[in-house]
2 protein chains.
Amino acid sequence: VTDPSHSPQVVALAGGVGGAKLSDGLQAHLGNRLTVVVNTADDVERHGLLVMPDHDTVLYNLAGIEQAELGWGIEGDSDAAFRQLVAYGEEDWFRLGDRDLALHIVRTARLRSGARLTEVCLGAQAALGLKARILPMTEAAVRTQVRTDEGWMEFQEYFVHRRQDPDVREVRFAGAESARATPEVTAAFDAADAVVICPSNPLVSVAPILAVPGMREAIGAARARGTRVVAVSPIVGGKAIKGPADRMLTTLGHAASAVGIARLYTGLADVLVIDEVDRGLVPEVEQLGLQAVVTDTIMTDDASRTRLASVVLEEVSI
Amino acid sequence: VTDPSHSPQVVALAGGVGGAKLSDGLQAHLGNRLTVVVNTADDVERHGLLVMPDHDTVLYNLAGIEQAELGWGIEGDSDAAFRQLVAYGEEDWFRLGDRDLALHIVRTARLRSGARLTEVCLGAQAALGLKARILPMTEAAVRTQVRTDEGWMEFQEYFVHRRQDPDVREVRFAGAESARATPEVTAAFDAADAVVICPSNPLVSVAPILAVPGMREAIGAARARGTRVVAVSPIVGGKAIKGPADRMLTTLGHAASAVGIARLYTGLADVLVIDEVDRGLVPEVEQLGLQAVVTDTIMTDDASRTRLASVVLEEVSI
């Protein structure tokens, strides 16, 4: 990194809203030197169209058009088509805006025409003028399923339809065994000067990425070369900033705290960034073999996204 | 028809705007005693979705939500999704409204799930509260293609993209040989007390319906039973009311007049309804073996649709 002609490359692992916000902050610093590897195990078919909630949340955030309040969807989007879909008898619990729907339509059409998922996603990113790249973790269909007291259900059924109400007893990633990290993902890790694990749910956003055969090996190879891995805790003061990560950690036998996160990332990450409110947990985190970095991790606006990203990049000397 | 307990059934053959307007007038008189058999050879895949211009034009007219000025699409529909599709690099010459798009999405999804086209169309009609039924002429993919001086092209390429500019030298209905009239269509003709051929383009709206094996036979069987067939001329004063029918008749060697229409429907129809301006053509029409009925055939509003429908129904004593 002392070679001034070298432009350091960063790979971020991301799920939905939290991952999208930090990715946006990283893009502000890195531009096209950032590659986001995104979870695709939340993807779901709605009305015959492939919807990719995590990819699209990152996409819209990096394009600066995300719906600010909810974190997903497009700001100011209308829903004329969706209301008409419901009038035709379609389910109404997974709301899709009109401009958002266009992406699902075009993606589904291009996939059916034989294009690769990665290629289709990169095309949409180029159309929206992104500087960074977002890579689906795999071309294969991997689907997160959760077991509740009612049995197994698809992730979006639990997450959107059931509003994360039932306790999660078990998680599995159907199709992961036969999936494979894409050549683009593998090449990104090969070229990475640093890897960032975004403040996404470790159990259903980061874990499916790591469950893809070849992914842990690619990160391990990068670390063996000296590439540092920095994770940012999605748990602050024992609570998830958004989503059910805290409850899910508890019902699955983990600690809903920065220490619980540290335990999950031991052997994978070198550094864990935790929030000021968790400063007292530094000794426990460091005892687990991770370097703890304390800062304000709550991203409420563009400035706080960029600031957290700069703290993360400082830790890897970028 | 003298049995007062018998509710006379009418089958109309229709293409797009002209057929939709008369069908709407007929529905006002007949309610659920009307079945419209609609041309599907204009159907086209756009953005991976099945679009059925003629079915949907009739649908929106019978639902009372058609875009009044253009005759197709839904009145006041927005186009947020379409503009976004174009931003993703999709072609921009076949405009689709947001509410309209919902139909193409739901139709495509249900067909891919294994539903029959007829079933899917009837479902959409029920959702929009139609009284009459609209039946696709066949379940099979029949596609109108036209030969111009530039060679063969798909119908919508000629009709929408090229704005009907090139002269049509030849017409063919790809897939018609192996298509079959649906059981619903056959049953409708079996039960028909009258058949109406709407003022649609005889060469590319009515002809593909008649090209489906079993269709002419079903109409012939109904006529043999005494069912009368009334056609309404789409040519008024030598001009098509809408669309390229007049030029197409000429370049394909027919007369662009009510007489040309009579010649095409000889042996199929019993009555031809022609416009007041064509009163002078009555002898020529009758010489071709068709009874000529003269009335105002221009449908500019609901009242004129209903009035023309009543003239048509009087001719068949309904």
Side-chain angles (χ1 to χ4, degrees), chain A residues 44-52 55-56 59-60 63 65 67 73-92 94-115 119-130, chain B residues 44-52 55-56 59-60 63 65 67 73-92 94-115 119-130:
Chain A
V44 65
E45 191 166 291
R46 301 298 302 167
H47 322 293
L49 305 173
L50 177 63
V51 178
M52 301 178 73
H55 173 273
D56 296 351
L59 173 68
Y60 296 150
I65 58 172
Q67 197 169 304
I74 297 177
E75 186 71 35
D77 207 357
S78 50
D79 65 351
F82 184 77
R83 282 183 283 117
Q84 193 65 37
L85 283 170
V86 173
Y88 287 125
E90 295 287 290
E91 290 183 328
D92 64 356
F94 199 97
R95 185 166 292 275
L96 296 168
D98 292 322
R99 291 176 65 196
D100 187 29
L101 203 51
L103 179 53
H104 315 317
I105 292 170
V106 87
R107 174 160 50 213
T108 305
R110 290 172 188 181
L111 287 172
R112 289 226 169 86
S113 303
E119 189 185 320
V120 170
C121 289
L122 290 172
Q125 294 161 31
L128 295 187
L130 258 61
Chain B
V44 64
E45 191 165 292
R46 300 300 300 168
H47 321 295
L49 305 173
L50 178 63
V51 178
M52 300 179 71
H55 172 272
D56 296 352
L59 173 68
Y60 295 150
I65 58 172
Q67 198 170 303
I74 297 177
E75 186 71 35
D77 206 358
S78 50
D79 65 350
F82 184 77
R83 281 183 286 118
Q84 193 66 36
L85 283 170
V86 173
Y88 286 126
E90 295 288 290
E91 290 183 328
D92 64 357
F94 199 97
R95 185 166 292 274
L96 296 168
D98 292 322
R99 291 177 66 197
D100 186 30
L101 203 50
L103 179 53
H104 315 316
I105 291 170
V106 88
R107 174 160 51 213
T108 305
R110 290 173 188 180
L111 288 171
R112 288 226 168 88
S113 304
E119 188 184 321
V120 171
C121 288
L122 290 172
Q125 294 160 32
L128 295 187
L130 257 62

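Worth knowing before you read on, the calculation uses all heavy atoms, side chains too, and leaves out hydrogens, waters and symmetry mates. First the proteins, then the strands, lettered A, B, ... as listed; each starts at 1.
Between B/Tyr60 and B/Asp100, some side-chain heavy-atom pair lies under the 4.5 Å cut-off. A/Phe82 places none of its side-chain heavy atoms less than 4.5 Å from the side chain of B/Asp98.
The CG atom of B/Leu96 sits 4.5 Å away from atom NE2 of B/His104, with the distance rounded to the nearest 0.5 Å. Note that SG of B/Cys121 is 11.0 Å distant from CZ of B/Arg110, once rounded to the nearest 0.5 Å.
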(request) Given side chain to side chain contact (heavy atoms under 4.5 Å, CB included), test B/Val106 with A/Gln84 step by step and report yes or no. (result) CA-CA 10 Å; B/Val106 88; A/Gln84 193 65 37; over 6 Å; no
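Looking at A/Ala87, the atoms closer than 4.5 Å to chain B (heavy atoms on both sides) all sit in the backbone: N, CA, C or O. Proximity to chain B (any heavy atom under 4.5 Å) is shown, for A/Leu103, by both the backbone and the side chain. Looking at A/Thr108, there are no atoms closer than 4.5 Å to chain B (heavy atoms on both sides), in backbone or side chain. When heavy atoms are compared at a cutoff of 4.5 Å, A/Leu101 approaches chain B solely by way of its side chain, counted from C-beta outward. In this structure, chain B has heavy atoms under 4.5 Å from both the backbone and the side chain of A/Arg99. With a 4.5 Å cut-off on non-hydrogen atoms, A/Arg83 does not touch chain B at all.
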Would you be so kind as to tabulate the donor-acceptor pairs closer than 3.5 Å made by side chains of residues 44-52 of chain A, with sequence neighbours excluded?
residue, atom, partner, partner atom, Å
A/Arg46, NH1, A/Glu91, OE1, 3.3
A/Arg46, NH2, A/Glu91, OE1, 2.9
A/His47, ND1, A/Glu90, OE1, 2.7

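Chain A forms more heavy-atom pairs under 4.5 Å with one residue of B/Val86, B/Leu128, B/Ile74 than with any other, namely B/Leu128. The greatest number of non-hydrogen atom pairs below 4.5 Å with chain A, out of B/Ala109, B/Ala81, B/Ala127, is found for B/Ala81.
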